[in-house]
Amino acid sequence: MGVNLSSLTEPKTVELSELEGKTVAIDAYNTIYQFLSIIRQPDGQPLCDRTGRVTSHLSGLLYRTANLITSGIEPCFVFDGKPHPLKMAILAERKERREKAADEWEEAIEEGDIKKAFSKAQQTSKMTPEIRESSRELISYLGLPMVDAPSDGEGQAAYMCSKGDVWAAASQDFDSLLFGAPTLVRNMTITGRRKVPGKDQYKDVRTEVIDSKEFLESLEITKEQLVDICILMGTDFNPGIPGIGPKKGLKLIKDHGDLEHVISSKSYDIPLYQDVRDIFLKSKYTDDYSTTSSEIQRDKIIGMLEGYDFSKERIEGTLDRIDVARKNNRSKKSQRSLDAWF
DNA sequence: CTTTTTTA
DNA sequence: TAAAAAAGG
């Protein structure tokens with residue numbers, strides 16, 4: 001599920017309101033997957049309509065997006081395109097993991113172990129074509145821009161950020177940094193508390209901003225070296241060396257300079273490492289996109305979500321909040337451009 | 001996850 | 001009034 005570099009970062013935490021007026025490229029797959037994983041009943045059952053269609057992602061998208069708009073943030077959803085051939089191995093691995101977890105979920109229910117059931121159920125989360133299409137339908141009715149990446153969505157988001165078309169790439173993964181995004185936002189949520197997996201503990205979850213330049217300077221490495229560290233750790237495109245995480249990877253690359261020297265010094269076998277480097281450093285992207293939002297289609301949203309058994313009262317309340325926020329945002333935006341003019 | 005309801 | 005618990009679909 002992407003590289004995890006959290007142990008190497010000292011993230012700057014911000015309030016959502018501090019991101020007012022900023023356009024953010026959201027990793028759609030990452031966000032939807034998170035909703036599918038977390039929005040569940042205590043026994044692990046996802047939210048569903050009366051016909052059994054999963055609705056967890058629609059609930060998450062509606063309420064989270066409403067909050068982002070309320071904070072004056074302009075979301076732009078970036079969807080993954082065709083996966084790189086080197087990603088097939090991890091996709092197959094994930095499929096196997098999902099199938100195993102489905103069996104273990106059932107077992108846990110039989111044993112009456114609710115905690116275990118929830119955790120196993122989370123691991124069964126799968127992005128189906130129905131979930132992808134219903135997400136796109138809702139996002140389009142919300143009037144929010146969508147971008148179709150030629151390949152990896154994080155690569156596309158990074159490109160858009162480099163160009164300055166968006167202020168940051170938003171994802172829980174750090175991959176957009178490897179793809180060259182100047183700014184990454186994590187935990188772009190309203191909730192301040194999240195359960196620690198497997199434990200009865202909670203920790204504060206704050207929105208984090210990671211500036212790529214500052215991050216690399218603090219570690220005293222280049223972007224190319226960061227990619228090499230992650231190849232040692234393992235990415236979605238290669239398995240990595242067992243036992244090497246961020247700390248050891250950083251030390252090895254700093255001691256030897258680059259992956260070639262680490263490989264020859266330690267006799268590691270990392271086939272196709274140059275291809276993995278190219279995925280991140282020469283990623284595919286498209287210029288065929290827009291980041292501007294259009295009018296919200298209120299009736300379409302109500303019609304759609306009522307069909308998924310959402311309460312009309314709740315939908316309307318949320319849409320009212322969005323309307324108020326959109327009006328405020330527009331007047332503030334025109335005020336900002338007026339100020340800039342004079 | 002986010003909202004709503006219940007509890008202290 | 002705020003924190004905890006439950007519900008949402």
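Worth knowing before you read on, the calculation uses all heavy atoms, side chains too, and leaves out hydrogens, waters and symmetry mates. Chain naming here is simple, since letters A, B, ... match the order of the sequence lines and numbering starts at 1 in each.
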Show which side-chain atoms of residues 43-53 of chain A pair as donor or acceptor with protein atoms under 3.5 Å away, not counting sequence neighbours.
{"unit_1": "A:D43", "atom_1": "OD1", "unit_2": "A:Q45", "atom_2": "N", "d": "3.0"}
{"unit_1": "A:D49", "atom_1": "OD1", "unit_2": "A:T51", "atom_2": "N", "d": "3.0"}
{"unit_1": "A:D49", "atom_1": "OD1", "unit_2": "A:T51", "atom_2": "OG1", "d": "2.9"}
{"unit_1": "A:D49", "atom_1": "OD1", "unit_2": "A:G52", "atom_2": "N", "d": "3.0"}
{"unit_1": "A:D49", "atom_1": "OD1", "unit_2": "A:R53", "atom_2": "N", "d": "2.8"}
{"unit_1": "A:D49", "atom_1": "OD2", "unit_2": "A:T51", "atom_2": "OG1", "d": "3.3"}
{"unit_1": "A:D49", "atom_1": "OD2", "unit_2": "A:R53", "atom_2": "NE", "d": "2.7"}
{"unit_1": "A:D49", "atom_1": "OD2", "unit_2": "A:R53", "atom_2": "NH2", "d": "2.9"}
{"unit_1": "A:R50", "atom_1": "NE", "unit_2": "A:D309", "atom_2": "OD1", "d": "3.1"}
{"unit_1": "A:R50", "atom_1": "NE", "unit_2": "A:D309", "atom_2": "OD2", "d": "3.3"}
{"unit_1": "A:R50", "atom_1": "NH2", "unit_2": "A:D309", "atom_2": "OD1", "d": "3.1"}
{"unit_1": "A:R53", "atom_1": "NH2", "unit_2": "A:G307", "atom_2": "O", "d": "3.0"}

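Within residues 297-316 of chain A, the residues approached by DNA chain C to less than 4.0 Å at the level of any non-hydrogen atom are A:Y308, A:D309, A:F310, A:S311, A:R314, in residue-number order.
Note that A:R136 lies in the cation-pi zone of A:F79, set by a 6.0 Å cut-off to the ring centre and a 45° limit from the axis.
In the hydrophobic clustering, where aliphatic and aromatic side chains (Ile, Leu, Val, Met, Phe, Trp, Tyr) are joined below 4.5 Å either directly or transitively, A:V147 groups with A:V78, A:Y159, A:M160, A:V166, A:Y285, A:Y289.
Among residues at least two apart or in separate chains, side-chain hydrogen bond (donor to acceptor under 3.5 Å, both in side chains) pairs with a member in residues 311-324 of chain A are A:N67-A:R321, A:R298-A:D320, A:R298-A:D323. Residues in residues 219-233 of chain A take part in these side-chain hydrogen bond (donor to acceptor under 3.5 Å, both in side chains) pairs, two or more places apart or across chains: A:D228-A:R277. For residues 221-265 of chain A, the pairs satisfying ring-ring contact (aromatic ring centres under 6.0 Å, His included) are A:F237-A:F280, with sequence neighbours left out.
A:P42 comes within 4.0 angstrom of no nucleic acid atom, judged by non-hydrogen atoms across all strands. Residue-level contact check: A:I190 touches the backbone only, with heavy atoms under 4.0 Å from sugar-phosphate atoms and none from bases.
In this structure, the side chain to side chain contact (heavy atoms under 4.5 Å, CB included) partners of A:F118, at least two apart in sequence or on a different chain, are A:R40, A:Q122. Listed by chain and residue number, nothing satisfies the salt bridge (charged side-chain N to carboxylate O under 4.0 Å, His left out) test with A:E214 (two or more places apart in sequence, or in another chain).
Extent of DNA chain C lying under 4.0 Å from chain A heavy atoms, first and last nucleotide in 5' to 3' order, is C:dG8 to C:dG9.
The CG-P distance, from A:D204 to B:dC1, rounds to 12 Å in whole Å.
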